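Step one of this worksheet: look at the structure below.
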2 protein chains.
Amino acid sequence: MIYYAVRAAKESVSSTMTSKKPFSAVQNKNRAAILAAALETFSAHGFRGTRLEQIANNAGMSKPNVIYYFPNKEAIFVTLLNSHIDKWLAPLREIDPDGEPLEQVIEYVVKKVRMSADMPRESRLFANEIVQGAPRLKESMNSDLKGLFDRTVNILEKWMKEGKLAEVPADHLIYSIWATTQHYADFEAQIEVLSGTPEKIVASAEAYLINMYTKLLKP
Amino acid sequence: MIYYAVRAAKESVSSTMTSKKPFSAVQNKNRAAILAAALETFSAHGFRGTRLEQIANNAGMSKPNVIYYFPNKEAIFVTLLNSHIDKWLAPLREIDPDGEPLEQVIEYVVKKVRMSADMPRESRLFANEIVQGAPRLKESMNSDLKGLFDRTVNILEKWMKEGKLAEVPADHLIYSIWATTQHYADFEAQIEVLSGTPEKIVASAEAYLINMYTKLLKP
DNA sequence: GTCTATAACAAGATAGAC
DNA sequence: GTCTATCTTGTTATAGAC
């Protein structure tokens, strides 16, 4: 089950690579359509709330045809998670230990809040899963995320010790950045009720957050 | 359907009240057991992810017996949401327009982060629902929450105009308080992977957040 | 590769005895 | 009020023709 998912995740990226069993052009096209449809429904309803039929309809094909490309529903979900995780963690990876500290943190905040605006479905996909205990995400959190998190904590603590950032607990700083930036995507339904058009709100969030984290971290 | 839910939510609070059809002591006890079990499972798995059987098992009774007390699964869920919403919004309601501004905001932050520590399941119950578009919560958000939110925005803006708080967009301020405080409960699974025991982390969150919002808002 | 039909099963809800 | 047995529906997954 996991096997198929991983294979799909890796190979769907480059169909031309000369591995054992590359997917055909049609296969890649249909896989992509399924994953696009899956992002739509899984992010809106979570794993159990999503019906295979919705995915099939959104992808413009029949239910059995979907299952022709993926062995089961869980494989679609896991493939989807894996296919987005690198992109999702990229901004964290791009923090430069040799850059100007405050600038690096603010840059990270800006990237994250823009992701919330540009990729709200990806954000909710992960949010849905984590709120429910991350049963299908614990593995990649332990491998991909944990290392990145620790690396970032170290960089931040070094900067603080050097007096280049105000001293705050680095782990809490990262959590609050995640919380404040992703909130606009994850709780969009609530924001829409309270503030109207979410797009406008996310647009003005950037300035607010830059100000907040600058005040917090300026040495 | 909604009728039963509302009736249950209101009457289960005070069994002795002299309304048309008060519930018996046994009824109240069983209703309470069902709602307690429901909080456990709905907060962990969301509405569709929760099985009636899990609720029954957790409540120590049979599935049909659960349905004897509530007409269906949705009624349990709606009753549960309603039975917690007042408690959940209490800290916001308690912001005193005549109090010392910064103190009032910090007090609010502290109450919220403690709720995250003491009532993580309630937090996730709402988070789960909102991430999925709040289909069964839109109504009470429009009635209960919207008014409270607007009231709070007005209080904050007045304080800012009077120079008693630094000027920031009040709506974003509220969103960031919600985001940073609830994050510890809602994303507990992730925090556990990255920082170990969530209890310790939430405990140290209070000081971090007090510092952050003080720096942000001190005039 | 794609489809219709259907098997297999899980889950919500009901009937009716106690 | 509570339970066992069961109905009914919804949903995943498969079989097999094209």
Side-chain angles (χ1 to χ4, degrees), chain A residues 1-5 7-8 11-12 15 21-35 37-38 40-42 44-80 132 135-136, chain B residues 1-5 7-8 11-12 15 21-35 37-38 40-42 44-80 132 135-136:
Chain A
M1 198 184 279
I2 297 294
Y3 164 75
Y4 293 94
R7 174 171 186 261
E11 303 200 10
S12 70
S15 64
K21 285 181 182 179
F23 295 121
S24 74
V26 187
Q27 279 177 326
N28 277 335
K29 182 174 147 287
N30 281 334
R31 275 172 181 280
I34 291 168
L35 290 175
E40 193 68 35
T41 56
F42 280 130
H45 307 110
F47 180 72
R48 299 203 63 165
T50 289
R51 302 285 89 107
L52 220 41
E53 196 173 13
Q54 293 178 282
I55 298 178
N57 290 345
N58 285 352
M61 58 183 84
S62 68
K63 231 174 0 166
N65 205 11
V66 169
I67 292 300
Y68 172 77
Y69 285 101
F70 291 89
N72 55 39
K73 186 177 157 182
E74 179 150 356
I76 304 175
F77 189 73
V78 174
T79 303
L80 186 65
Q132 299 191 9
R136 288 160 283 254
Chain B
M1 198 185 281
I2 296 295
Y3 164 75
Y4 292 94
R7 177 173 183 260
E11 302 198 13
S12 69
S15 64
K21 285 180 181 178
F23 295 122
S24 74
V26 188
Q27 280 177 324
N28 277 335
K29 183 175 146 287
N30 281 332
R31 274 170 183 283
I34 291 168
L35 290 176
E40 194 67 35
T41 55
F42 281 130
H45 307 111
F47 180 71
R48 299 205 61 167
T50 289
R51 301 284 92 109
L52 220 39
E53 196 173 14
Q54 292 178 280
I55 298 178
N57 290 344
N58 285 352
M61 58 184 86
S62 67
K63 222 168 22 157
N65 206 10
V66 169
I67 292 300
Y68 172 78
Y69 286 101
F70 291 89
N72 54 41
K73 185 177 159 183
E74 180 150 355
I76 303 175
F77 189 72
V78 174
T79 303
L80 186 65
Q132 300 191 9
R136 288 159 285 254

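Quick note on labels: first sequence line is chain A, next is B, and so on, each numbered from 1. Below, all heavy atoms of this structure are taken into account, side chains as well, without hydrogens, waters or symmetry copies. Just so we're clear, the structure is a prediction, and the values are computed from it rather than from any experiment.
Between A:Phe47 and A:Phe42, the two ring planes are parallel [angle under 30°; tilted spans 30° to 60°].
Taking side-chain N and O atoms only, B:Asn65 has a distance below 4.0 Å to OP1 or OP2 of D:dC3. Within the 4.0 Å cut-off from OP1 or OP2 of C:dG1, at least one side-chain nitrogen or oxygen of A:Tyr68 is found. Within the structure, a side-chain polar atom (N or O) of B:Ser62 is placed less than 4.0 Å from OP1 or OP2 of D:dC3.
Counting heavy atoms from C-beta on, the side chains of B:Ile34 and B:Tyr68 never come closer than 4.5 Å.
When atom types are taken as modelled, the side chain of A:Arg31 and the backbone of A:Tyr69 share a donor-acceptor pair closer than 3.5 angstrom. B:Thr41 contributes no side-chain N or O that, together with a main-chain N or O of B:Thr50, makes up a donor-acceptor pair within less than 3.5 Å.
Regarding B:Met61, its CE atom lies at a distance of 17 Å from the C1' atom of D:dT4, rounded to whole Å. Rounded to whole Å, atom P of C:dG12 lies 12 Å from atom CG of B:Asn57.
Not counting sequence neighbours, the partners of A:Leu52 by the side chain to side chain contact (heavy atoms under 4.5 Å, CB included) test are A:Ile55, A:Lys63, A:Ile67, A:Lys73, A:Ile76. Applying the side-chain hydrogen bond (donor to acceptor under 3.5 Å, both in side chains) criterion to B:Glu40, with sequence neighbours excluded, gives B:Arg121.
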Exercise for the section: Sugar-phosphate atoms are those with a prime plus P, OP1 and OP2; base atoms are the rest. Using that split, label each nucleotide of nucleotides 5-18 of chain D B, S or - for protein heavy atoms under 4.0 Å, 5' to 3'. Expected result: B-----SBSB----

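Ranking C:dC3, C:dG1, D:dT2 by closeness to the A:Val26 side chain, first place goes to C:dG1.
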